[in-house]
Amino acid sequence: MTRGPDARTLIGEVLDPGSWKSWDEPPADPAVPGSRYARELEAARERSGYDESVLTGEGLLDGRRVAVVVCEFSFLAGSIGVAAAERLVRAVERATQEELPLLAAPASGGTRMQEGALAFVQMVKITAAVAAHRAAGLPYVVYLRHPTTGGVFASWGSLGHVTAAEPGALIGFLGPRVFEALHGQPFPEGVQRAENLYAHGLIDAVVSAGEARDIAIRALAVLCAPREATRSVPEPAGEPEPVEAWESITRSRRADRPGVRALLKLAATDVTPLNGTGTGENDPGLLLALARFGTAPAVVLGQDRRGQRAVAPLGPAGLRVARRGVRLAAELGLPLVSVIDTSGAALSKESEEGGLAAEIARSLADLVMLDAPTVCLLLGEGAGGAALALLPADRVLCAQHAWLSPLPPEGASALLHRSTEFAPEVASAQGVRSADLKRDGIVDRVIPELPDAADEPAEFCTRVAQALEYEIAALLTRPRGARIAARLARYRRLG
């Protein structure tokens with residue numbers, strides 16, 4: 001592919017005009033004077049117009065101050081030696097000290113071969129600096145450019161909270177030229193391409209530089225949002241009259257009922273979809289995104305009713321995607337909203353061998369012990385372990401016609417009566433409807449449907465978003481220890 005913008009051009013496309021300030025000092029030259037490597041460095045500086053393979057500095061992104069590290073491939077293939085690594089690390093450390101979000105744009109062949117093992121282990125030093133930045137609760141956003149390979153991809157290129165890539169970019173661990181030299185055959189076509197990485201849940205988006213700016217602006221609007229309530233939010237209006245359980249179940253299954261995607265589209269702002277686990281798995285039935293409800297920021301992990309099909313119900317990979325969201329909320333101290341809307345988890349050989357039961361258990365444990373504020377929203381169907389896996393929260397909201405059951409009512413009827421025809425009676429007896437869930441202390445608030453969310457999607461989603469903002473704002477005022485203690489006590493006293 002044609003190589004994209006060079007480092008300076010990229011900085012100009014992503015940052016606000018005229019806001020760039022370099023942090024760079026002249027690099028310490030690692031080459032022996034007069035050596036072949038010294039001549040290569042001199043030629044690279046003259047040919048590229050850069051003094052090293054990395055630029056660092058700061059600028060404004062839609063008015064927000066950010067730190068930036070960018071590779072320049074025209075300088076010795078963007079390779080990282082001791083001087084480039086030192087420049088990188090100093091920039092990351094300064095970003096941490098000054099509490100700045102960090103944007104990184106690698107484009108590199110990896111370790112600088114002329115400097116050997118010492119250059120190779122610089123990746124550990126860079127990774128340690130990035131890890132310390134993340135441990136300080138600061139956002140790290142990565143834009144992978146063509147090409148990004150080797151140790152750079154295997155260290156600071158793969159540690160972003162949000163990671164996008166240039167269209168068509170070559171991205172992989174082992175460079176294809178090295179592979180062919182070692183194995184005598186070309187690397188399979190298309191594997192190390194940005195689009196293939198996206199398809200396998202390894203990166204979050206494939207976008208141009210201009211689009212990367214937009215993604216970074218939206219993501220940082222959530223990732224950098226205040227972790228305390230910023231305005232007084234009125235309590236939502238009163239709750240609806242109960243209806244029969246079977247009526248709610250029937251309404252929850254309407255094909256035109258708004259799901260989590262409708263909620264984000266109609267009633268959230270600064271929505272940034274994330275993609276997959278980041279470790280090579282994806283599940284269309286689980287949506288992961290950053291978003292704001294009013295002023296309240298959140299990591300949203302929601303079961304997408306349209307992504308779950310009879311041939312591909314929610315599986316263990318979906319729960320691993322959800323657990324990525326939990327880790328993100330934990331690391332950055334962001335409120336987490338889990339959205340339940342599922343007819344049940346996959347029942348198959350693949351889900352058993354993929355660890356479905358273990359993933360449900362881990363999801364329960366992660367949510368119960370999560371440091372960040374948590375709100376669960378029962379939006380529609382809530383059948384079985386797939387629903388239970390996303391339930392634990394400080395506050396649980398429930399749409400009027402949403403429900404929660406150990407099995408779909410038809411399945412429970414089959415177990416109890418060897419027939420599905422008793423499903424309405426079983427549902428009523430099991431206390432699965434919103435009013436019963438509130439009575440039993442499982443749910444804290446019921447959100448009205450007038451009379452059905454499918455008949456008023458925009459109005460309903462607005463009510464849900466207002467309730468989420470109210471609950472998140474209230475949780476942000478509570479001390480962490482008291483909030484977690486109350487969450488544990490909540491589940492201890494059930495029953």
Side-chain angles (χ1 to χ4, degrees), residues 101 134-135 137-142 159-164 201 203-205 215-230 259-261 263-265 267-279 282-283 285-304 318-341 362-377 379 389-397 464-465 467-469 471-473 475-476 480 483-484 487:
R134 289 180 48 138
L138 297 168
Y140 180 49
V141 177
V142 175
L159 294 175
H161 292 113
V162 179
T163 303
I203 58 177
D204 296 310
I215 285 177
I217 288 171
R218 291 197 305 273
L220 293 182
V222 178
L223 298 176
C224 296
R227 302 303 193 261
E228 63 276 345
T230 57
V260 64
R261 290 187 184 276
L263 173 64
L264 294 178
K265 180 179 180 180
T269 59
D270 296 314
V271 177
T272 304
L274 304 180
N275 177 55
T277 61
T279 57
N282 211 339
D283 190 318
L286 199 293
L287 178 146
L288 178 60
L290 306 173
R292 289 199 298 171
F293 300 100
T295 60
V299 176
V300 180
L301 47 99
Q303 292 164 343
D304 179 11
L319 295 179
R320 286 190 276 271
V321 174
R323 292 178 63 222
R324 176 192 172 191
V326 174
R327 291 191 298 272
L328 182 60
E331 187 164 303
L332 293 174
L334 275 169
L336 181 135
V337 172
S338 60
V339 181
I340 295 173
D341 195 359
R362 294 183 187 110
S363 182
L364 290 171
D366 287 351
L367 287 170
V368 165
M369 300 307 298
L370 179 61
D371 277 355
T374 54
V375 180
C376 173
L377 169 65
L379 188 58
L390 300 191
L391 181 68
D394 297 312
R395 297 284 289 176
V396 180
L397 313 184
V464 170
L468 289 171
E469 183 186 14
E471 298 293 354
I472 293 171
L475 290 170
L476 287 171
R480 168 189 170 277
R483 183 168 37 75
I484 295 175
R487 185 194 304 158

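Values in this document were obtained by computation on a predicted structure and should not be read as measured data.
Listed here is the closest heavy atom pair of G318 and D283: N-OD2, 3.3 Å. When all heavy atoms of G294 and T269 are compared, the closest pair comes out as O-OG1, 4.2 Å. For the residue pair L334 and A372, the shortest heavy atom distance occurs at O-CB, 3.1 Å. Taking all atoms of both residues into account, the shortest heavy-atom contact from T272 to A219 is OG1-N, 3.4 Å. A pairwise comparison of heavy atoms in F293 and A268 identifies CE2-CB, 3.9 Å as the closest pair.
Atom CZ of R323 sits about 6.0 Å away from atom CZ of R362, to the nearest 0.5 Å. How far OG of S338 is from CG of L370: 10.0 Å, rounded to the nearest 0.5 Å. Atom CG of L263 sits about 11.0 Å away from atom CG of D341, to the nearest 0.5 Å. Interatomic distance, L274 CG to L328 CG, rounded to the nearest 0.5 Å: 7.0 Å. Rounding to the nearest 0.5 Å places CG of L377 at 11.0 Å from CD of E471. Rounding to the nearest 0.5 Å places CD of Q303 at 6.5 Å from CG of L286.
Formation of a donor-acceptor pair under 3.5 Å by the E469 side chain with backbone atoms of T295 is found in this model. Between the side chain of R487 and the backbone N or O of L367 there is at least one donor-acceptor pair closer than 3.5 Å. For the pair D394 (side chain) and V375 (backbone), a donor-acceptor distance under 3.5 Å is absent. Although no hydrogens or angles enter the test, the distance criterion places no donor-acceptor pair under 3.5 Å between the side chain of R324 and the main chain of L319. Although no hydrogens or angles enter the test, the distance criterion places no donor-acceptor pair under 3.5 Å between the side chain of R218 and the main chain of A291. Put simply, the side chain of R292 never gets that close to the backbone of V271: no donor and acceptor are under 3.5 Å apart. Between the side chain of T163 and the backbone N or O of I203, no donor-acceptor pair lies under 3.5 Å. Side chain of H161 to main chain of Y140: a donor-acceptor pair is present (N/O by atom type, distance under 3.5 Å, no hydrogens or angles). Checking side-chain atoms of S363 against main-chain N and O of A389 turns up a donor-acceptor pair under 3.5 Å.
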As a quick check of understanding, evaluate side-chain contact (heavy atoms from CB on, under 4.5 Å) for L290 and L223, giving each step before the final call.
CA-CA 8 Å; L290 306 173; L223 298 176; 3.8 Å; yes
Would L332 and R227 satisfy side-chain contact (heavy atoms from CB on, under 4.5 Å), going step by step from the backbone distance to the final call?
CA-CA 10 Å; L332 293 174; R227 302 303 193 261; 3.9 Å; yes
With side-chain contact (heavy atoms from CB on, under 4.5 Å) as the criterion, how do V299 and V337 come out once you've worked through the C-alpha distance, each side chain's angles and the decisive distance to 0.1 Å?
CA-CA 6 Å; V299 176; V337 172; over 6 Å; no
Could you walk me through whether T374 and L475 satisfy the side-chain contact (heavy atoms from CB on, under 4.5 Å) test, starting with their C-alpha distance in whole Å, then the side-chain angles of each, then the deciding distance to 0.1 Å, before giving a yes or no?
CA-CA 8 Å; T374 54; L475 290 170; 5.8 Å; no
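Residues L301 and L336 form a side-chain contact, since some pair of their non-hydrogen atoms from C-beta on lies under 4.5 Å apart. Side-chain contact between V162 and V142 is absent, with no heavy atoms from C-beta onward closer than 4.5 Å.
The side chain to side chain contact (heavy atoms under 4.5 Å, CB included) search around N275 returns Y198, D204, N282, not counting sequence neighbours. Listed by chain and number, the residues in a side chain to side chain contact (heavy atoms under 4.5 Å, CB included) with L476 are P335, P373, I472 (sequence neighbours excluded).
Considering I340, L397, L390, V339 in turn, I340 is the only one that fulfils the side chain to side chain contact (heavy atoms under 4.5 Å, CB included) rule with C376.
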